[in-house]
Amino acid sequence: MDSFDWTVLSSKYLVQDKWLKLRADTCQMPEGQIVEPFYVFEYPTWVNVVAITKNQEVVLVKQYRHGLQKTVLELPGGSMDLEDSSPMEAAKRELLEESGYTSNNFVETGIISPNSSTHNNLIYCFLATNVELVDDLKLDITEQIDVILLPLENLVKDIHNGILLQAFHISSLLFALKKLGKVQFL
């Protein structure tokens with residue numbers, strides 16, 4: 001099989017911040033054509049969790065998202081921190097911090113790319129079952145969150161109405177439904 005890989009000839013960082021790095025690469029395609037600049041966003045690994053209670057309710061977080069400039073429902077999740085030993089540990093930490101819920105039943109359901117053309121990071125998706133409320137929220141200074149419990153059946157029924165807008169979260173929900181045996185791929 002022929003390789004379509006590009007060769008990076010040079011890179012220059014345009015932004016280097018705590019949450020984002022943006023670099024401009026000069027690349028050479030296999031046939032020799034030079035592509036410049038090609039912008040790449042460098043982000044840390046992201047995680048999200050479909051957390052389901054014993055009563056088959058999904059734990060959702062309602063929060064303001066400035067990119068959309070609106071308050072939306074999302075799955076608990078966020079960036080992997082330096083102290084997280086694995087994406088699984090990051091998912092457990094994020095679920096507890098953002099919702100106060102946890103479980104002994106966590107399973108990775110899939111890995112996705114937010115945008116393989118321009119982003120260098122991956123998103124790890126998890127399912128946590130039989131979650132229980134065990135703690136208060138531990139929010140970052142920029143977070144204001146209301147925890148919402150929604151029956152899984154209602155979430156799935158209303159997915160086409162934009163109840164979840166975040167594409168990564170819809171993907172994670174699909175992975176979770178497959179793991180739970182509620183959806184099959186042919």
Side-chain angles (χ1 to χ4, degrees), residues 1-51 58 60-61 63 65-70 72-95 98 106-128 140 142-143 155-156 159-160 162-180 182-186:
M1 182 168 152
D2 292 329
S3 173
F4 298 126
D5 293 356
W6 293 4
T7 301
V8 178
L9 302 175
S10 66
S11 290
K12 175 184 174 184
Y13 282 99
L14 305 176
V15 176
Q16 286 186 304
D17 189 55
K18 176 181 178 181
W19 301 108
L20 162 75
K21 292 180 183 175
L22 173 63
R23 70 173 202 261
D25 289 349
T26 299
C27 302
Q28 184 174 21
M29 296 176 64
E31 308 81 29
Q33 182 176 340
I34 302 297
V35 179
E36 79 174 320
F38 193 92
Y39 298 106
V40 176
F41 292 97
E42 294 184 7
Y43 286 105
T45 297
W46 293 336
V47 298
N48 61 54
V49 183
V50 175
V58 180
L60 299 169
V61 291
Q63 61 185 325
R65 290 303 197 188
H66 190 66
L68 286 177
Q69 296 186 347
K70 66 188 293 185
V72 296
L73 282 178
E74 295 184 337
L75 299 174
S79 297
M80 196 168 156
D81 290 344
L82 292 176
E83 66 269 7
D84 294 323
S85 62
S86 67
M88 173 80 73
E89 291 306 311
K92 290 178 180 180
R93 177 186 51 76
E94 285 286 346
L95 177 62
E98 290 189 354
F106 269 81
V107 62
E108 183 181 303
T109 57
I111 302 171
I112 55 178
S113 167
N115 183 340
S116 58
S117 175
T118 59
H119 290 55
N120 73 329
N121 66 324
L122 295 173
I123 302 167
Y124 289 78
C125 306
F126 294 90
L127 170 64
D140 294 336
T142 60
E143 292 177 315
L155 179 61
V156 171
I159 199 76
H160 68 283
I163 193 164
L164 285 182
L165 292 175
Q166 174 58 269
F168 319 142
H169 296 181
I170 294 170
S171 298
S172 189
L173 178 61
L174 180 63
F175 288 143
L177 291 171
K178 182 177 185 291
K179 188 70 172 175
L180 292 167
K182 296 186 181 292
V183 67
Q184 293 181 359
F185 299 116
L186 299 176

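Just so you know, these numbers use all the heavy atoms, side chains as well, and skip hydrogens, waters and symmetry mates. Numbering of residues begins at 1 and proceeds along the displayed sequence.
Taking the six-membered ring for Trp and thresholds of 30 and 60 degrees, W46 and H119 have ring planes more than 60 degrees apart, a perpendicular arrangement.
Within the 3.5 Å criterion, the main-chain N or O of C125 finds a donor-acceptor partner in the side chain of T109. No donor-acceptor pair closer than 3.5 Å links the side chain of D84 to the backbone N or O of S86. Judged purely by atom type and a 3.5 angstrom limit, N121 has no side-chain atom pairing as donor or acceptor with the backbone of P114.
Distance check: L68 CG to L165 CG gives 6.5 Å after rounding to the nearest 0.5 Å.
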Would you mind writing out the side-chain donor-acceptor pairs for residues 28-35 within the sub-3.5 Å range, not counting sequence neighbours?
none

Side-chain donor-acceptor pairs under 3.5 Å in residues 74-83, sequence neighbours left out?
{"from": "E74", "atom 1": "OE1", "to": "Q63", "atom 2": "NE2", "distance (Å)": "3.3"}
{"from": "E74", "atom 1": "OE1", "to": "R65", "atom 2": "NE", "distance (Å)": "3.0"}
{"from": "E74", "atom 1": "OE1", "to": "R65", "atom 2": "NH2", "distance (Å)": "2.7"}
{"from": "E74", "atom 1": "OE2", "to": "R65", "atom 2": "NE", "distance (Å)": "3.2"}
{"from": "D81", "atom 1": "OD2", "to": "R93", "atom 2": "NH1", "distance (Å)": "3.4"}
{"from": "D81", "atom 1": "OD2", "to": "R93", "atom 2": "NH2", "distance (Å)": "3.4"}

Item to complete: With side chain to side chain contact (heavy atoms under 4.5 Å, CB included) as the test, would you mind laying out the steps for I159 and L173 before giving the verdict?
Response: CA-CA 10 Å; I159 199 76; L173 178 61; 3.9 Å; yes
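Scanning both residues, F41 and L20, for their nearest heavy atoms gives CD2-CD1, 3.4 Å. In plain terms, the two heavy atoms of L95 and A128 that are nearest each other are CD2-CB, 4.3 Å.
The shortest distance between side-chain heavy atoms of L164 and L60 falls below 4.5 Å.
Of the N and O atoms on the side chains of N48 and S172, at least one donor lies less than 3.5 Å from an acceptor on the other residue.
The salt bridge (Lys or Arg N to Asp or Glu O under 4.0 Å) pairs that include a residue from residues 10-21 number zero, where partners must be two or more places apart or lie in different chains.
A side-chain contact (heavy atoms from CB on, under 4.5 Å) with L127 holds for exactly one of V50, L177, V49; it is V50.
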